[in-house]
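Worksheet for the structure shown next.
Reminder, nothing fancy here: chain letters follow the sequence lines and each chain counts from 1.
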Amino acid sequence: MFQDRLQSLLVPALQGAFQQLFGHAIEAKAIGFQQTRPEFEGDVTINVFPFLKLSGKGPEQTAQAIGEFLVKEVDVVERFNVVKGFLNIVIADSYWLGFLKEAGDRDILQLEPVSPSGAKDKVMVEYASPNTNKPLHLGHLRNIFLGYSVSRILKAAGHEVVKVQVINDRGIHICKSMLAWQKFGNGETPESSGLKGDKLVGKYYVEFDKAYKSEIDALVAAGKSKEEAEKEAPILLDAQEMLRKWEANDPEVRALWEKINGWVYAGFDATYARAGVDFDKNYYESQTYVLGKADVLEGLKKGVFYEKDGAVWVDNTAEGLDEKVLLRRDGTSVYMTQDIGTAIKRFEEYPGLSKLIYTVGNEQDYHFKVLFIILKKLGFVWADELFHLSYGMVDLPSGKMKSREGTVVDADDLIDEVVTEARKTGEQLSKLDGMGEAEKAALFEMIGLAALKYFLLKVDPKKRMLFDPAASIDLQGHTGPFIQYTYARIKSLLRKAGESAVVCAELSGQAGQLTTDKSSLLSEERTVIKLLHQFPAVLNEAATKLDPSSLANHAYEVVKAYNSFYQAIPVMKEEDEGKRAFRLALSAAVADTTKKAMWCLGIEVPERM
RNA sequence: GACCCCGUAGCUCAGCUGGAUAGAGCACCUGCCUUCUAAGCAGGCGGUCGUUGGUUCGAAUCCAACCGGGGUCGCCA
């Protein structure tokens with residue numbers, strides 16, 4: 001956990017303690033804070049084992065001495081106890097109440113920019129790179145939700161963010177769809193068939209594959225070897241011919257290409273809109289695939305690359321990697337080449353850009369390692385600020401997703417399913433009487449998407465994850481809807497109490513009064529406040545590590561603690577006005593924090609559910 | 001074969017800059033709605049943290065080897 005404000009308050013005091021008591025300076029980093037375990041009294045625990053050599057005393061005496069020093073010198077340290085080498089510190093209620101009051105006064109979540117310079121960083125996040133020959137699937141969703149959440153987290157941490165996608169709109173894959181549509185489509189369009197554009201084009205990609213396979217079978221039956229047949233099937237040759245025509249700017253092929261891709265974009269846009277994500281800029285491979293060649297030749301001239309067998313190579317063996325071709329013998333580019341050119345172009349287009357994040361699956365770990373090394377070798381200072389946000393593959397209970405075998409989970413279908421499930425549950429509970437149909441539909445959409453997004457985001461992005469369809473539509477337990485539910489419940493409470501702004505103002509008046517009573521905080525209240533207090537540090541950590549999962553898990557801990565509080569402690573029914581106001585303010589702070597955390601995950605929260 | 005990632009409860013996952021008796025959710029079992037939304041709360045069951053060594057006052061966490069799973073190593077994208 002990153003240092004929170006309490007810790008940054010205690011560190012100088014601890015350094016002073018070591019200086020005065022034992023005559024030694026200690027580094028801030030050397031002090032390990034931890035949450036005090038629930039079975040002991042205290043809020044923060046410091047482990048003194050590492051300092052025994054400095055103190056020259058036993059663990060108990062060392063901890064005792066430090067504890068006494070802190071109580072004397074630091075206002076917020078109220079008392080302490082020592083268990084073995086652990087110094088458990090009790091922080092005064094006034095500190096916690098002060099924090100909550102401040103949270104009500106300004107925004108609890110307003111953070112300073114995390115860059116060392118203190119300046120706003122401009123960060124580009126690439127978080128989608130679909131091929132245009134088939135619809136989006138579950139794997140794309142993990143990619144998209146992850147990247148979108150990271151962009152939100154960076155914004156919340158004070159950065160300027162440019163969200164981009166790369167559309168792989170050219171190549172043999174799209175020619176296959178185009179060809180199959182031409183041959184078998186009978187002029188079918190999204191309008192004539194009622195099919196979503198990307199679905200329609202995907203259908204013809206499958207049609208191509210079917211035709212291709214039967215041609216192979218026929219050739220093999222006629223005596224060809226399998227390898228020969230795979231290379232010589234007429235429909236494949238036609239597709240390759242189409243690609244050549246595309247590259248030669250053949251007007252007919254280009255017109256067809258524009259039409260087919262147009263359908264796909266309309267389909268993608270519909271899915272993105274429903275998923276609640278958006279982009280500031282689209283890059284099209286048809287425009288970027290020519291980039292990079294000049295840069296590679298430039299590198300060749302400078303001696304960064306070398307020529308062998310007529311091709312241009314880079315040698316990364318010194319970095320523990322291999323040699324890699326950058327320009328083929330015929331002078332044409334490979335994938336790496338255009339990635340080099342595209343990166344350079346992006347930094348030219350966005351002069352203030354300080355960081356570029358690629359949200360791409362971990363099967364491309366090697367590719368990005370090589371790409372970053374090459375750009376560094378070419379002398380770009382920003383090469384150190386490139387980051388591959390690498391995420392693990394999504395598995396199904398039945399195993400890997402394979403488009404060939406039809407085991408892919410379609411993105412639109414999946415969203416339909418979770419929304420349907422949310423509706424089923426929502427209508428069963430019948431809490432929504434008096435709500436209009438349109439409003440209900442929007443709510444179920446919100447809940448279903450929360451279930452799906454949270455399910456994909458709560459897991460460490462690096463890790464391969466198992467997608468269990470039954471678990472993903474679960475609305476109970478450690479889920480997005482559980483968090484939404486807590487939020488809605490608090491909002492209901494606040495509605496009963498009047499506007500939350502009023503509540504916070506009330507707290508401002510009440511906090512002073514409450515602080516005079518040293519034991520006024522109940523343990524349930526204290527637990528919740530402490531979790532809220534951690535939020536800025538958690539957000540900071542998420543922004544630094546580019547990892548939404550820690551934030552997702554923290555949001556869950558907060559609402560879980562709040563639910564325990566809510567169940568055990570009366571709020572509106574509390575007769576003491578001061579206590580009631582305080583508990584309402586605490587509730588409001590939980591709602592605000594939850595909303596912000598969920599915003600960072602790209603998940604909306606409802607006013608009632 | 002080389003390199004990279006992963007291995008924690010029946011299942012899915014937290015915890016990993018070393019620290020107290022390893023935590024959640026799901027599933028299963030017990031309670032709690034005449035009181036602020038039960039999509040909830042309280043409790044129970046469930047673990048040789050893949051294995052073996054090493055470093056350390058202390059290892060799920062660091063190091064090494066091995067076992068098991070996945071990925072990548074193309075003049076493909």
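The distance between atom CD of A:Q484 and atom C1' of B:G40, rounded to the nearest whole Å, is 15 Å. The nearest whole Å value for the distance from the CD atom in A:E363 to the P atom in B:C6 is 17 Å. To the nearest angstrom, P of B:C76 lies 16 Å from CD of A:Q364. Atom C1' of nucleotide B:C75 and atom CG of A:L300 are separated by 15 Å, given to the nearest angstrom. Between A:K400 atom NZ and B:G70 atom P there is a gap of 9 Å when expressed in whole angstrom units. One atom, CG of A:N316, and another, C1' of B:C3, lie 14 Å apart when rounded to the nearest Å. To the nearest angstrom, P of B:A39 lies 16 Å from CD1 of A:I490. Put simply, NZ on A:K369 is 16 Å from P on B:A2, counting in whole angstrom units.
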Evaluate the ring-ring contact (aromatic ring centres under 6.0 Å, His included) criterion for residues A:Y358 and A:F387: first the C-alpha distance (whole Å), next the side-chain angles of each, then the deciding distance (0.1 Å), finally the verdict.
CA-CA 6 Å; A:Y358 296 89; A:F387 185 79; 9.8 Å; no
Intermediate values then yes/no, ring-ring contact (aromatic ring centres under 6.0 Å, His included), A:W257 and A:Y284:
CA-CA 13 Å; A:W257 175 73; A:Y284 295 89; 8.7 Å; no
Carefully, step by step, assess A:Y485 and A:F482 under the rule ring-ring contact (aromatic ring centres under 6.0 Å, His included).
CA-CA 5 Å; A:Y485 171 73; A:F482 171 86; 7.4 Å; no
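Side chain to side chain, A:E285 and A:Q338 meet the donor-acceptor criterion of an N or O pair below 3.5 Å. In summary, the side chains of A:D365 and A:S390 do present a donor paired with an acceptor at a separation below 3.5 Å, with no hydrogens or angles considered.
The distance from the NE2 atom of A:H554 to the CD atom of A:E541 is 10.5 Å, given to the nearest 0.5 Å. The distance from the CD atom of A:E307 to the CG atom of A:L300 is 5.5 Å, given to the nearest 0.5 Å. The distance from the CD1 atom of A:I174 to the CG atom of A:N131 is 9.0 Å, given to the nearest 0.5 Å. Note that the CD atom of A:Q165 and the CZ atom of A:F268 stand 8.0 Å from one another [nearest 0.5 Å].
Closest approach to the A:N553 side chain among B:U37, B:C75, B:A14 is made by B:A14 (side chain taken as heavy atoms from C-beta onward). Listed nucleotides: B:C41, B:C36, B:U37. Nearest to the side chain of A:F482: B:C41. Nearest to the side chain of A:M572, among B:G71, B:C36, B:A77, sits B:C36.
Remark: A:K491 is not in phosphate contact with B:U37, judged by side-chain N or O atoms under 4.0 Å from OP1 or OP2. Proximity of A:Y335 to the phosphate of B:A77: no side-chain N or O atom is located under 4.0 Å from OP1 or OP2. Contact annotation: A:R328 side-chain N/O to B:C76 OP1/OP2 distance is under 4.0 Å. Within the 4.0 Å cut-off from OP1 or OP2 of B:G25, not a single side-chain nitrogen or oxygen of A:K458 is found.
Comparing B:U35 with B:C13, their P atoms sit 40 Å apart, to the nearest whole Å. Comparing B:A20 with B:G58, their C1' atoms sit 11 Å apart, to the nearest whole Å. Nucleotides B:G18 and B:C33 place their P atoms 48 Å apart, quoted to the nearest Å.
A salt bridge links A:K424 to A:E421: at least one charged side-chain nitrogen sits closer than 4.0 Å to a carboxylate oxygen. Salt bridge present: A:R464 and A:D395 bring a charged side-chain N and a carboxylate O closer than 4.0 Å. Checked for salt-bridge contact, A:D43 and A:R526 meet the test: a charged N lies under 4.0 Å from a carboxylate O. Of the charged side-chain nitrogens involved, none lies within less than 4.0 Å of a carboxylate oxygen, so that A:K84 and A:E60 do not count as a salt-bridged pair. Using a cut-off of 4.0 Å between Lys/Arg side-chain N and Asp/Glu carboxylate O, A:E227 and A:K231 are scored as not salt-bridged.
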Between protein and nucleic acid, restricted to nucleotides 55-58 of chain B and to nitrogen or oxygen atoms under 3.5 Å apart, what atom pairs and distances do you find?
none

Short heteroatom pairs, N/O only, protein and nucleotides 20-22 of chain B, under 3.5 Å:
unit_1, atom_1, unit_2, atom_2, d
B:A20, N6, A:T45, OG1, 3.1
B:A20, N6, A:N88, OD1, 3.0

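Consecutive Watson-Crick or G-U pairing (both distances under 3.5 Å) extending over three or more pairs maps onto RNA chain B as B:1-7 with B:67-73, B:10-13 with B:23-26, B:28-32 with B:40-44, B:50-54 with B:62-66.
Scanning for side chain to side chain contact (heavy atoms under 4.5 Å, CB included) contacts around A:L243 gives A:I172, A:C175, A:E247, with sequence neighbours left out.
Annotation: cation-pi geometry not satisfied between A:R142 and A:Y391 (NZ/CZ under 6.0 angstrom from ring centroid, within 45° of ring axis).
You'll find the ring centres of A:Y335 and A:H367 inside the 6.0 Å limit.
The stretch residues 460-472 of chain A comes close to RNA chain B through A:D460, A:K463, A:R464, A:M465, A:L466, each having a heavy atom under 4.0 Å from the strand. Near RNA chain B, meaning a heavy atom under 4.0 Å away, the residues from residues 556-570 of chain A are A:Y556, A:K560, A:N563, A:S564, A:Y566, A:Q567, A:I569, A:P570.
Base orientation of B:C33: syn (glycosidic angle within 90° of 0).
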